[in-house]
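Proteins come first, then strands; the chains are lettered A, B, ... in the order of their sequence lines, and each starts at number 1.
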2 protein chains.
Amino acid sequence: MNKTILIVDDELRIRKLIADFLVREGYSTLEADNGRIALELLAKEHIDLVILDVMMPKDDGWTVCKELRKKSNIPVIMLTARGEEVDQLFAFEIGVDEYVTKPFSPKVLTARVNALFRRIDTEKANVYDGLEINTAARQVSINDHSLDLSPKEYELLTYLTENSGKALSRQQILNQVWSYDYFGDLRTVDTHINRLRTKLGDKSTLVQTIRGYGYRFEAEK
Amino acid sequence: MNKTILIVDDELRIRKLIADFLVREGYSTLEADNGRIALELLAKEHIDLVILDVMMPKDDGWTVCKELRKKSNIPVIMLTARGEEVDQLFAFEIGVDEYVTKPFSPKVLTARVNALFRRIDTEKANVYDGLEINTAARQVSINDHSLDLSPKEYELLTYLTENSGKALSRQQILNQVWSYDYFGDLRTVDTHINRLRTKLGDKSTLVQTIRGYGYRFEAEK
DNA sequence: GGAAATTGTTACAGTTCTGTTACAGAATTT
DNA sequence: AAATTCTGTAACAGAACTGTAACAATTTCC
């Protein structure tokens, strides 16, 4: 089923413009011309993402977002007017995921939406073919059988899974899992991959070698 | 190999700040404090993305971007000052892919960069008559059946596909896929083409021989 | 048709790369 | 402080990759 995006803006023209391009990208859309209706829709409908204009006559975007956040972790993209002061820390605390400055090109908006969904989707998938990663508990298990990973092994595994399906070079891995100013041997990565694979047992095939490049985590289809 | 980002800004402080966070994200960086040096670096080095400050004393960001666009399709992120009027249509025509308003949080900047690369990478996930090349995963597949290519074979194939429809001489291929200072036998290219064709199976006809010259990748219409 | 040029194919040896293990020092726990 | 665990490096063996050469097949040109 298509993802549904709720567009909240008091201007019909803007709503239609946005809806037009999102539909073209393959999304379903809902519309609300004020905060109250937006919140009602959120309670009733299954909505995957909200695009929210800051400037609205009744309740402004910030208020709607704050209300929304009490009930949901739905991603929010804010539309801000050019020149409008935006306190990024405030926005972050409220739980805005992205902004787009008006006027915007449809290209930019749809790109943001796509990128945000990709991010959410990858964050959600914490079970890979029977390998479960509980980030809150910092615990990894295979078929409810807990794995005893060292700190580095855990960090390495989560970096791989967070970028599941992507080729990661040894340098990239070293930069991320160790640190950007760590100047160690690239082969260190290999050793840790080896240790990780050993502990992964028959799930070790999830960690694929890319010869001459690095590694890739891959949940088989 | 890491993606390389060129940072163009006249202020050392800003450059270092940006470079710091990008390196932490696993990118390599290059720096230029003016447009001329930026263009020189672009000609010499392999650069995947440019971050460009609009306000610079010699050539402003727009000029640099326009020059750059004559020679390359590298994605560009513009740094604009808050309150600075930006004509988005103008920027779009010049070929700017994203902006970030100063002052910005590193989080916002790196998020933009990551999102842009994701977009580029997924756009790049090209399909040629059933042959799919996923550059992010560094993976090639035919009808969802993954091919096991060696590093050279992969590089060769992507070089061919990136120049799809163009005749490439053996020397040109050797210069690009090997390196410009590699002095090997031209027939080495033939051998690798042969290996590649073998692995491509019934898609091998995509790689055409140009007698007396070299090869050409051609997606049939 | 036949010679020359060009390309396809295969084999092989040298090189590079990766998996694995061992070990010593560092960090952590007891 | 001792014991245990963790970590980074080095070393080695085996596997994969690569470049060259030699020969076969094909195309071009006379």
Side-chain angles (χ1 to χ4, degrees), chain A residues 138-140 146-160 167-218, chain B residues 1 138-140 146-160 167-179 181-218:
Chain A
R138 208 183 158 85
Q139 194 165 276
V140 179
S146 173
L147 289 189
D148 185 25
L149 298 184
S150 80
K152 271 282 180 298
E153 285 156 9
Y154 177 82
E155 294 295 337
L156 177 58
L157 178 60
T158 51
Y159 179 58
L160 289 171
L168 303 169
S169 71
R170 288 185 175 74
Q171 188 62 61
Q172 221 172 329
I173 294 170
L174 216 53
N175 286 345
Q176 290 291 316
V177 178
W178 280 255
S179 77
Y180 69 95
D181 56 357
Y182 177 83
F183 298 105
D185 191 334
L186 286 177
R187 294 302 308 282
T188 296
V189 175
D190 297 37
T191 306
H192 282 269
I193 289 281
N194 180 264
R195 287 169 183 154
L196 184 59
R197 277 175 174 160
T198 304
K199 293 190 180 177
L200 287 177
D202 58 0
K203 297 290 178 194
S204 66
T205 51
L206 290 170
V207 180
Q208 303 241 325
T209 304
I210 304 172
R211 206 153 217 288
Y213 192 79
Y215 297 91
R216 178 181 55 218
F217 186 89
E218 195 156 24
Chain B
M1 195 151 73
R138 211 169 205 272
Q139 193 164 250
V140 179
S146 174
L147 289 190
D148 186 25
L149 298 185
S150 80
K152 271 281 180 301
E153 285 156 8
Y154 178 83
E155 294 295 339
L156 177 58
L157 178 61
T158 51
Y159 179 58
L160 289 171
L168 303 169
S169 71
R170 289 185 175 75
Q171 190 60 62
Q172 219 173 331
I173 294 170
L174 218 51
N175 285 346
Q176 291 291 318
V177 178
W178 279 255
S179 77
D181 55 358
Y182 178 81
F183 298 107
D185 191 334
L186 285 177
R187 295 301 309 282
T188 296
V189 175
D190 297 37
T191 306
H192 282 271
I193 288 282
N194 179 265
R195 287 169 183 154
L196 184 58
R197 278 175 173 160
T198 304
K199 292 190 180 177
L200 287 177
D202 57 0
K203 297 290 178 193
S204 65
T205 51
L206 290 169
V207 180
Q208 304 244 322
T209 304
I210 304 171
R211 218 183 147 71
Y213 191 76
Y215 297 92
R216 177 181 57 217
F217 186 89
E218 196 154 22

When you get a sec, tell me which of [options] is the closest nucleotide to the side chain of [X]?
| X | options | result |
| --- | --- | --- |
| B/Arg211 | C/dT21, C/dT7, D/dC6 | C/dT7 |
| B/Thr191 | C/dG8, C/dT10, C/dA5 | C/dT10 |
| A/His192 | C/dT6, D/dT18, D/dT7 | D/dT7 |
| B/Ser150 | D/dA21, D/dA10, D/dT18 | D/dT18 |

Give the rounded distance in Å between these two atoms: [atom1] of [X] and [atom2] of [N].
| X | N | atom1 | atom2 | answer |
| --- | --- | --- | --- | --- |
| B/Leu186 | D/dT18 | CG | C1' | 16 Å |
| A/Asp190 | D/dT9 | CG | C1' | 12 Å |
| B/Lys199 | C/dT9 | NZ | P | 15 Å |
| B/Ile173 | C/dT7 | CD1 | P | 11 Å |
| B/Ile193 | D/dG19 | CD1 | P | 13 Å |
| B/Lys152 | D/dT20 | NZ | C1' | 15 Å |
| B/Leu156 | D/dT18 | CG | P | 10 Å |
| A/Arg216 | C/dT18 | CZ | P | 14 Å |

Indicate whether OP1 or OP2 belonging to [N] is found under 4.0 Å from a side-chain N or O atom of [X].
| X | N | value |
| --- | --- | --- |
| B/Tyr182 | D/dG19 | yes |
| A/Trp178 | D/dG8 | yes |
| B/Arg170 | C/dT7 | yes |
| A/Thr188 | D/dT9 | yes |
| B/Tyr215 | C/dG8 | yes |
| A/Arg187 | D/dG8 | no |
| B/Asn194 | C/dT9 | yes |

*Have a look at B/Ile210 and say if it touches a base, only the backbone sugar-phosphate, or nothing, with a 4.0 Å heavy-atom cut-off.*
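Sugar-phosphate contact only - B/Ile210 comes under 4.0 Å of backbone atoms but never of a base.
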*Checking all strands, does B/Tyr154 fall into the base, sugar-phosphate, or nothing category for heavy-atom contacts under 4.0 angstrom?*
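It contacts nothing in the nucleic acid.
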*Can you measure from OH (A/Tyr215) to CD1 (A/Ile173) and round to the nearest 0.5 angstrom?*
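Between atom OH of A/Tyr215 and atom CD1 of A/Ile173 there are 7.5 Å.
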*List the steps and the verdict of side chain to side chain contact (heavy atoms under 4.5 Å, CB included) for B/Leu160 and B/Ile193.*
CA-CA 10 Å; B/Leu160 289 171; B/Ile193 288 282; 4.1 Å; yes
_With hydrogens left out and only the distance checked, is there a donor-acceptor pair under 3.5 Å joining A/Arg195's side chain and the base of C/dG19?_
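Under the 3.5 Å cut-off, the side chain and the base do not form any donor-acceptor pair.
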*Got A/Val189 and A/Gln171 here, is their nearest side-chain heavy-atom distance under 4.5 Å?*
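Heavy-atom side-chain distance check fails, nothing below 4.5 Å.
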_Cationic N near anionic O, under 4.0 Å, B/Glu153 to B/Arg197_ =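 Salt bridge absent between B/Glu153 and B/Arg197.
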*Would you say A/Arg216's side chain and A/Ile210's backbone share a donor-acceptor pair under 3.5 angstrom?*
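It does not hold such a pair.
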_With side chain to side chain contact (heavy atoms under 4.5 Å, CB included) as the criterion, how do B/Val177 and B/Thr158 come out once you've worked through the C-alpha distance, each side chain's angles and the decisive distance to 0.1 Å?_
CA-CA 9 Å; B/Val177 178; B/Thr158 51; over 6 Å; no
